[in-house]
Amino acid sequence: MEGPTSDASCAPNEPCAAPETKDQQLEQSPAYDPLNPTTFVFPKPIQGTTVTIEFCDRCRWLHRATWTQTELLLTFPPPLIECISLLPRNTDETAGRFRVWLTIPASNQTDSHSNTLLWDRKVEGGFPELKVLKQRLRDKIQPGKSLGHSDKGNH
């Protein structure tokens, strides 16, 4: 028998119940309800391949960035690419910027992830033609994949 405790839920001279485990807490949590925000769970951090489209917001290139994002996501749906992020920039240093980055996770815990610049508007002399951008992306994440009409005359 345990003696009195400071826990108000324990009766004097009675054993106290063991604290609930995480599994017990989960079992008691409300079931998922698609109309009840209190049951929603935040998405897990992205572990897979991602693309980041970095663009100058001053130049009003949001529409071009979202169009590029949509085209890449339709061509390389999850799980090939888990996320395509838009990163608007608004400084003198980033004026006129339109870059497309590929991030591939490390194959093991000791390696860091790999960031590859697929396109830079200033270096390339203009915006990416989606056919060329898709080919560059494909060559990095799924070599040999047919891009249909985007491959005509190239292979």
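These numbers were taken from a predicted model, which means no experiment stands behind them.
- Sorted by first and then second residue, the pairs that involve residues 76-100 and meet side-chain hydrogen bond (donor to acceptor under 3.5 Å, both in side chains), not counting sequence neighbours, are Glu54-Arg89, Glu54-Arg97, Arg58-Asn90, Arg58-Asp92, Thr91-Thr94, Arg99-Asp120.
- Transitive grouping of hydrophobic side chains (ILVMFWY, heavy atoms separated by less than 4.5 Å) brings Leu62 and Leu72 into a common cluster.
- In this structure, Ser146 contributes its side chain and Gly148 its backbone to a donor-acceptor pair below 3.5 Å.
- To the nearest 0.5 Å, the span separating CG on Leu147 from CD on Gln135 amounts to 6.5 Å.
- Legend: residues meeting ring pair (Phe, Tyr, Trp, His ring centres under 6.0 Å) with Trp119, ordered by chain and number and at least two apart, are absent.
- The nearest pair of heavy atoms linking Thr49 to Leu80 is CB-O, 3.5 Å.
- Among residues at least two apart or in separate chains, side-chain hydrogen bond (donor to acceptor under 3.5 Å, both in side chains) pairs with a member in residues 69-78 are Glu71-Lys134, Thr75-Lys134.
- For the side chain to side chain donor-acceptor pair (under 3.5 Å) test, residues two or more places apart in sequence or in another chain that qualify with Glu124 are Arg136.
- Within the structure, every pair that satisfies the ring pair (Phe, Tyr, Trp, His ring centres under 6.0 Å) test and touches residues 57-94, not counting sequence neighbours, is listed here: Trp61-Phe127.
- When only modelled atom types and interatomic distance are considered, Thr39 and Asp33 share no side-chain donor-acceptor pair under 3.5 Å.
- Scored by the ring pair (Phe, Tyr, Trp, His ring centres under 6.0 Å) test, Phe55 finds no partners at all (sequence neighbours excluded).
- Within the hydrophobic cluster formed by Ile, Leu, Val, Met, Phe, Trp and Tyr side chains joined at under 4.5 Å, directly or through other members, Leu74 stands alone, with no partner residue.
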**Request:** Report the C-alpha separation of Ile81 and Leu102 in whole Å, then their side-chain angles, then the decisive distance to 0.1 Å, and conclude whether the side chain to side chain contact (heavy atoms under 4.5 Å, CB included) test is met.
**Result:** CA-CA 9 Å; Ile81 297 177; Leu102 171 66; 5.6 Å; no
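- Counting heavy atoms from C-beta outward, Ile53 and Leu87 have side chains that stay 4.5 Å or more apart.
- A continuous path of ILVMFWY side-chain contacts below 4.5 Å connects Val132 to Phe98, so both sit in one hydrophobic cluster.
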**Request:** Test side chain to side chain contact (heavy atoms under 4.5 Å, CB included) on Thr116 and Ile104 and set out the steps.
**Result:** CA-CA 8 Å; Thr116 303; Ile104 299 174; 5.7 Å; no
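- Qualifying side chain to side chain donor-acceptor pair (under 3.5 Å) partners for Thr50, counting only residues two or more places apart in sequence or in other chains: none.
- Under the rule for a side chain to side chain contact (heavy atoms under 4.5 Å, CB included), Phe42 has no partner lying at least two apart in sequence or in another chain.
- Note that CZ of Arg64 is 10.5 Å distant from OG1 of Thr66, once rounded to the nearest 0.5 Å.
- Alongside Trp101, the hydrophobic cluster contains Leu117 (criterion: ILVMFWY side chains under 4.5 Å).
- In the hydrophobic clustering, where aliphatic and aromatic side chains (Ile, Leu, Val, Met, Phe, Trp, Tyr) are joined below 4.5 Å either directly or transitively, Tyr32 groups with Phe40.
- Here the shortest heavy-atom pairing between Cys56 and Ala95 reads SG-CA, 3.9 Å.
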